[in-house]
Amino acid sequence: MSLSIKDILQQKPVGTTHEVKGWVRTFRSNRFIALSDGSTIKTLQLVVDFEQLDEATLKKVATGAAIIASGDLVSSQGKGQDIEMLVSKLEVVGESNPEEYPLQPKKHSLEFLRDIAHLRMRTNTFGAIMRVRHHLAFAVHEYFHKRQFFYLHTPIITGSDAEGAGEMFNVSILDKKNPPLTEDGQIDYSKDFFEKETNLTVSGQLEAELGAMALSKVYTFGPTFRAENSNTSRHLAEFWMIEPEVAFADLNDNMDLAEDFLKYVISSTLNHCVDDLEFLEKRLLDEEKSKPEKDRSPRPLREKLQFVAENNFRRVSYTEAIDILRNSKPNKKKRFKYIIDEWGADLQSEHEKYLVQHFNAPVILFDYPAKIKAFYMRLNEDEKTVRAMDILFPGIGEIVGGSQREERHDVLLGKMNDFGIDSKELQWYLDTRKFGSCVHSGFGLGFERLVLFVSGMTNIRDVIPFPRTPGNAEF
Ligand code: 4AD
Ligand code: MG
């Protein structure tokens, strides 16, 4: 019978015989193999029984090699493990040249590991991150499923720019060297595959709204693409977004949902990823030792997660936030790169981080100026602000962006015209405001920013298996 290493370490079936399969982490004293199969951060100690195994096989046991081993599970004599396997049969199914193997039993920099993304998941750090990432994704589906939300698959190829920021990747099969042209010299997309210009989606929201107008509560969880040239530790060109959309829900309901949802997925991961979070917490403490005191996290990783899961987020209007920022020390002393002097200014990540520190809690900012937010947000009675909300997290800044949607047909049409959005292109979207429109709201959570927060990593490239960033689409 084949058990995972996680099962063996949990069940401790001493006195039984089993087969295990995995990759050699280390091979010590020609006798002790630390075996990993990725099911847990822990390794199983295999003790080689010399009488049963031949020299030739043992020679092939090397760091990185794939092996299948079987033997009796016994209580361990040594320190560091309760149980180990006395190996009576061993097969090296995939050899590895230890001299060439890029992962040596020493500390590698995260930058180096990014260059070997095809192997980095075999390290403790990336194994832990991938398991935590998996659990978070699972908890997302669990949360919505339990609350009668339906998982809606929105398209990846679209003809519309939901956020209106024009940061899209074009999808075309036209001949790049010799594209068909219209009379006025533009590329003639009517000759393209879809007979119109298409792009990779920046958000599933507009389609999710159509789902909510029929199924009441839906969510999307899919890849989204942004061709913004921001080489930061918070941006990816390809990232995963979770976008719930709820009919008959206003901005307050939306804030309640987002807060409850974030607390749920974080608590669930705290409860289920104990070993991985313990490891990541130690890794972070280690990494921060070399940083100046002021740049270190105020709390250990798990305490930080617990804090967010148990305390109320602070809800603050944009106007209030601007007052706080205007009167803040870094603003007065001109330490912000972007000085805040007027109502209407867009907030930069330095401001978002300041606000989170100021309140010492996650912050939900709401009622932003209409001018700095997308066209679909519900206009307030003051006609200056919209019912937008952003959630700001410690060390991350914006993790969620959402709003109540403009449900009034004519106001929405007016907004589209103001923003220069082709209303004919979005006629299907406008139609929902003609046939049974209602108050509705939703938000988008950047999944990698959540994984970044929960894992305590500092660069978003390290929380997705194969990052896509400007100049990088390797693997
Ligand atoms: O604030 P954004 O642009 O909002 C939307 O796309 C809305 N349509 C969501 C909605 O209301 N349904 O993006 C939402 C979140 C951000 O708060 C951020 O966490 C993440 O997506 N995000 C990115 N994550 C990684 N790399 C990028 N380039 C990101 N851009 C946005
Ligand atoms: Mg946003």
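Counting begins at 1 with the first residue of the sequence. Bear in mind that the values here come from a model prediction, so they are computed numbers and not experimental data. Order of appearance sets the numbers: ligands from 1, and atoms from 1 within every ligand.
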**Prompt:** Of all N, O or S atoms in Glu398, which has the smallest distance to the Mg ion (ligand 2)?
**Reply:** OE2

**Asked** When the ring centroid of Phe366 is compared with that of Tyr318, is the distance short of 6.0 Å?
**Response** no

**Validation row, ring centre Phe393 to ring centre Phe313 under 6.0 Å** = yes

**Item:** Nearest protein heavy atom with distance in Å, relative to atom 19 (O) of ligand 1
**Value:** Ile399 O, 2.8 Å

For [X], is the nearest heavy atom under 4.0 Å from an atom of ligand 1?
X	value
Glu245	no
Glu167	no
Glu448	no

Going by the atom numbers of ligand 1, which of them fall below 4.0 Å from some non-hydrogen atom of [X]?
X	value
Gly446	15 (C), 19 (O), 20 (C), 21 (O)
Gly401	1 (O), 9 (C), 10 (C), 11 (O), 17 (O)
Tyr376	7 (C), 8 (N)
Glu243	7 (C), 8 (N), 9 (C), 10 (C), 12 (N)
Arg405	10 (C), 11 (O), 12 (N)
Arg234	25 (C), 26 (N)
Glu163	3 (O), 4 (O), 5 (C), 6 (O), 7 (C), 8 (N)
Glu228	27 (C), 28 (N), 30 (N)

Below the 3.5 angstrom mark, is there an N/O of [X], backbone or side chain, next to an N/O of ligand 1?
X	result
Gln205	yes
Gly402	no
Ile460	no
Glu398	yes

**Request:** Under the salt bridge (charged side-chain N to carboxylate O under 4.0 Å, His left out) rule, what do Asp37 and Lys21 come out as? Steps first, then yes or no, please.
**Result:** CA-CA 7 Å; Asp37 67 358; Lys21 302 170 182 174; over 6 Å; no

**Message:** For Arg299 and Ser297, which I'm curious about, is there any donor-acceptor pair between the side chains at under 3.5 Å?
**Reply:** no

**Prompt:** Measuring to the Mg ion (ligand 2), does Asp390 have an N/O/S atom at a distance below 2.8 Å?
**Reply:** no

Hey, are [X] and [Y] close enough for a salt bridge, meaning a charged N less than 4.0 Å from a carboxylate O?
X	Y	result
Arg133	Asp276	no
Asp462	Arg120	yes
Arg226	Glu163	no

**Request:** Run through Leu251, Thr319, Val386 and flag the one making a side-chain contact (heavy atoms from CB on, under 4.5 Å) with Asp367.
**Result:** Leu251

